[in-house]
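Letters A, B, ... mirror the listed sequences (proteins, then strands); counts begin at 1.
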2 protein chains.
Amino acid sequence: MDGQMAPQILPPPQHQRRKRGKDASAVTLKDVARLAGVSAITVSRAINQPDVVSEETLTSVRKAIEQLGYVPNLLAGGLKSSQSRLVAAIVPSIGTSMFAEAVEALTDRLSDAGYEVLLGLSGFAQSREDRILSAVLSRKPDAIFLTGIDHSARARQQLLAAGIPVVESWDLTPNPIDIAIGFSHENAGRAAAKHFLEKGYDRIAVISASDKRALQRRDGFLKHLAETGRTDVALRLTETPGSLERGREALADLLNGGVQPDSVFCTVDPLAQGAIIEAQVRGLDVPGDLAVMGFGNFSFSPHIHPSLSTISFDRRKIGELAADLILAELGGTPSPERVVDIGFTLVERQSTG
Amino acid sequence: MDGQMAPQILPPPQHQRRKRGKDASAVTLKDVARLAGVSAITVSRAINQPDVVSEETLTSVRKAIEQLGYVPNLLAGGLKSSQSRLVAAIVPSIGTSMFAEAVEALTDRLSDAGYEVLLGLSGFAQSREDRILSAVLSRKPDAIFLTGIDHSARARQQLLAAGIPVVESWDLTPNPIDIAIGFSHENAGRAAAKHFLEKGYDRIAVISASDKRALQRRDGFLKHLAETGRTDVALRLTETPGSLERGREALADLLNGGVQPDSVFCTVDPLAQGAIIEAQVRGLDVPGDLAVMGFGNFSFSPHIHPSLSTISFDRRKIGELAADLILAELGGTPSPERVVDIGFTLVERQSTG
DNA sequence: GATGTAAATGGTATCGATACCATCATGGAG
DNA sequence: CTCCATGATGGTATCGATACCATTTACATC
């Protein structure tokens with residue numbers, strides 16, 4: 001990868017043409033038409049607008065399709081109709097369930113509407129997002145789902161030029177490119193801080209992953225504490241994505257460093273789970289000796305012991321809403337709401353007893 | 001969903017054409033050509049085979065591209081060249097890291113080679129796989145990545161007709177459609193059984209998810225035990241995907257049912273983690289009172305307490321190998337290996353101490 | 001100086017489907 | 001009986017790029 005601005009055009013494909021000359025599935029609309037004894041357009045209509053074709057032709061066309069095993073070529077259709085029935089989803093990663101669930105919900109819902117999802121993984125780096133965005137846009141998706149609201153100037157420009165519905169997710173912004181669906185991570189952090197204060201915790205620590213949104217939660221948490229006069233908060237940063245392993249390490253590091261917190265806020269649940277385990281291994285009682293709060297309400301969180309207090313938000317709903325708003329916009333009846341705050345809830349469980 | 005055989009053709013799109021008449025990004029190859037003062041084909045060559053174009057033209061073409069913000073239309077290119085640079089990946093789900101990691105690895109590697117991944121989620125149901133397969137094939141992917149080796153007759157036929165590289169993953173088979181990458185789940189189960197016997201466990205139980213591969217592991221486990229004369233094995237089935245919650249429930253159910261196992265094999269790690277937690281909550285020592293073994297070596301498994309003995313296999317490698325073999329085949333130099341056994345390793349940790 | 005070869009570029013047909021407009025029955029209104 | 005709306009179907013151009021073949025120029029060879 002060159003350090004320079006990535007060229008707008010993809011690197012030249014290096015692979016040869018596929019060897020088999022004619023594709024085995026050379027069955028086209030025309031073949032079906034011939035067999036059914038009608039014209040190609042009629043076959044096209046039989047498929048896409050069955051109600052304008054007579055029952056009789058419909059039957060014979062369907063039979064011909066069946067017989068030939070015809071599979072329409074969406075590339076060709078999309079070229080002429082400028083509808084690819086493709087929605088691109090660009091997320092940092094699907095290795096943790098964080099984004100995977102949203103993508104899954106998005107895919108499920110779009111699939112029912114006859115759209116497919118093109119997956120792009122940006123890996124938390126903006127430069128890579130740009131590259132993937134270019135690649136993806138050349139497939140002329142009908143809409144695009146992005147993570148976050150920070151995009152390069154080039155990216156914004158390309159998205160605008162594409163003239164398609166764009167959903168920015170996980171975050172909120174007053175100026176979405178098109179639509180934003182998310183919630184305030186800073187407020188989520190503040191909510192955690194408030195909870196800690198209400199519980200009377202005194203020696204507070206934070207373990208945070210280092211991606212932008214985790215840091216926003218951390219900042220919200222610290223700000224709220226600062227506003228109530230507390231600035232003596234121990235902090236450990238870990239890699240993104242935050243994992244159980246990193247959580248253990250970070251807590252161990254805190255404790256070994258002489259810090260004796262009575263509570264720790266972890267900016268993502270796996271970190272919190274790790275912290276709990278590390279505490280338990282060291283013979284500390286959670287929440288008696290150390291209260292732990294996470295973020296994200298992962299599927300394991302209610303079921304570990306002690307169950308994990310966390311901040312919950314509906315990941316699947318982000319994907320579903322995105323799909324709904326995209327479909328509405330594609331359907332010509334865009335929702336007037338451009339920014340959707342899906343909110344979050346603080347779920348108090350045993351770990352902050 | 002009708003109970004009948006899904007029609008080969010997708011349901012008619014119900015959404016209107018997008019409202020904006022002309023796409024804002026109406027910049028085509030021709031526009032670039034005009035500005036650069038060359039013909040369209042030369043621009044095409046400048047992009048795809050830069051080495052056959054003179055340095056001079058290359059420069060002016062690149063400038064024109066930059067200036068106009070040209071984004072190539074891969075739909076059109078793909079139509080003529082019958083290369084979509086698209087690889088379809090159909091997996092049951094990406095909500096758990098099980099398949100997500102393989103898809104992620106596949107996507108990463110293909111992305112570097114200039115391919116994009118089209119994601120299909122089949123949700124463990126074969127009927128849905130068929131429907132998604134049809135939808136996906138109409139996009140003319142250059143290759144396809146599937147989960148499992150069980151596909152309907154229609155699916156096989158369509159895949160064969162498509163004439164593209166097909167990777168079946170997670171499982172092995174002597175008769176792959178094209179390429180299979182996986183390992184023997186039955187043997188994995190056997191390995192677990194063998195380990196239990198070596199450790200001298202006596203009252204053995206199994207908690208299994210109910211998807212096909214989990215059941216194969218369970219069966220391998222039970223068969224091996226049966227072959228050594230043990231048939232008194234308590235068994236609990238849970239939903240797929242197996243989760244921590246289900247693991248707790250299943251173990252609770254076993255213990256409440258009067259079964260007193262000294263060891264339990266869980267066919268997927270999250271179930272095992274759940275079992276450990278349930279045991280601990282009940283005051284049982286793991287592994288002293290109850291040994292637990294999982295499967296999959298999830299990222300949390302080495303770091304929980306006690307650390308989880310499990311059967312490890314390289315999920316990312318499946319995706320990477322798939323990408324490599326696909327690229328090799330597309331590049332005209334297919335690997336002679338049609339079936340790749342990536343194997344597995346039993347990792348002994350504290351939970352079967 | 002004639003000829004051959006490679007490099008650089010252009011022209012045209014074409015991929016497979018759909019948009020758009022035209023055509024042709026059919027049948028009810030006047 | 002004519003007229004025209006309606007329904008069903010076909011013809012043709014076209015989407016944007018690339019394959020294929022042709023052409024032009026430069027330059028080395030004999």
Side-chain angles (χ1 to χ4, degrees), chain A residues 9-10 12-13 16-18 21-23 25-34 36-61 65 68 70-85 137-140 142 162, chain B residues 9-10 12-13 15-18 21-23 25-34 36-61 65 68 70-85 137-140 142:
Chain A
I9 301 304
L10 303 176
Q16 294 181 11
R17 310 277 157 269
R18 83 182 50 155
K22 308 290 168 190
D23 202 315
S25 75
V27 183
T28 77
L29 207 58
K30 210 173 286 185
D31 300 312
V32 177
R34 197 173 309 127
V38 296
S39 75
I41 315 89
T42 303
V43 176
S44 170
R45 282 198 274 259
I47 296 170
N48 298 304
Q49 320 164 47
D51 39 325
V52 306
V53 174
S54 76
E55 200 54 50
E56 194 185 3
T57 5
L58 212 52
T59 311
S60 69
V61 167
I65 287 176
L68 294 174
Y70 169 69
V71 176
N73 184 332
L74 242 34
L75 254 46
L79 177 56
K80 179 59 182 165
S81 68
S82 51
Q83 271 202 293
S84 62
R85 308 211 131 257
L137 283 179
S138 45
R139 310 215 110 96
K140 303 290 166 188
D142 287 345
Chain B
I9 300 305
L10 304 176
H15 301 284
Q16 294 183 10
R17 310 277 157 267
R18 84 183 47 155
K22 308 288 168 192
D23 202 316
S25 76
V27 183
T28 78
L29 205 59
K30 209 172 286 185
D31 299 313
V32 176
R34 195 174 310 127
V38 295
S39 75
I41 312 88
T42 302
V43 177
S44 171
R45 281 197 276 256
I47 295 170
N48 298 304
Q49 321 163 48
D51 40 326
V52 306
V53 174
S54 76
E55 201 53 51
E56 194 184 4
T57 4
L58 213 51
T59 311
S60 69
V61 167
I65 286 175
L68 295 174
Y70 170 69
V71 176
N73 183 333
L74 242 34
L75 253 47
L79 177 57
K80 179 61 181 164
S81 67
S82 52
Q83 272 201 292
S84 62
R85 308 211 132 258
L137 283 179
S138 47
R139 310 216 111 97
K140 303 288 164 190
D142 287 346

Nearest-Å distance for atom pair [atom1]/[atom2], residues [X] and [N]:
X: A/Q49; N: C/dC20; atom1: CD; atom2: P; result: 11 Å
X: A/L79; N: D/dA13; atom1: CG; atom2: C1'; result: 13 Å
X: B/K80; N: C/dT12; atom1: NZ; atom2: C1'; result: 10 Å
X: A/L75; N: D/dC15; atom1: CG; atom2: P; result: 17 Å
X: B/N73; N: D/dT14; atom1: CG; atom2: P; result: 18 Å
X: B/I41; N: C/dA13; atom1: CD1; atom2: P; result: 13 Å
X: A/L29; N: C/dG16; atom1: CG; atom2: P; result: 11 Å
X: A/K140; N: D/dC15; atom1: NZ; atom2: C1'; result: 11 Å

Residue list, side-chain contact (heavy atoms from CB on, under 4.5 Å) with [X], at least two apart or on another chain:
X: B/S39; result: B/I41, B/T42
X: B/T59; result: none
X: B/L79; result: A/N73, A/A76, A/L79
X: A/K30; result: A/T28, A/R34

Is [Y] close to [X] at the side-chain level, that is, under 4.5 Å between some pair of heavy atoms?
X: B/V43; Y: B/V38; value: yes
X: B/L58; Y: B/E56; value: no
X: B/L137; Y: B/R139; value: no

What pairs with A/T57 under side-chain hydrogen bond (donor to acceptor under 3.5 Å, both in side chains), at least two apart in sequence or on another chain?
A/S54
Give a yes/no on whether any side-chain N or O of A/N48 is located under 4.0 angstrom from OP1 or OP2 of C/dT18.
yes
Is the distance from OP1 or OP2 of D/dA17 to the nearest side-chain N or O of B/Y70 less than 4.0 Å?
yes
If you round to the nearest 0.5 Å, how far is OG of A/S44 from NZ of A/K80?
12.0 Å
Could you go through nucleotides 6-9 of chain C and list every protein N or O atom that sits under 3.5 Å from one of its N or O atoms, giving the distance for each pair?
from, atom 1, to, atom 2, distance (Å)
C/dT9, OP1, B/S54, OG, 3.2
C/dT9, OP1, B/T57, OG1, 2.7
C/dT9, OP2, B/S54, N, 3.0
C/dT9, OP2, B/T57, OG1, 3.0

Review item, nucleotides 25-27 of chain C N/O atoms under 3.5 Å of protein N/O:
none

Closest approach of B/Y70 to B/V27 (non-hydrogen atoms, all atoms of both residues):
CD1-O, 3.5 Å
Please report the shortest heavy-atom distance between A/D142 and A/S84, naming the atom on each side.
OD1-N, 3.0 Å
If the helix axis at each end comes from five base pairs, how far does the helix from C/dG1-D/dC30 to C/dG30-D/dC1 deviate from straight, to 10°?
50°
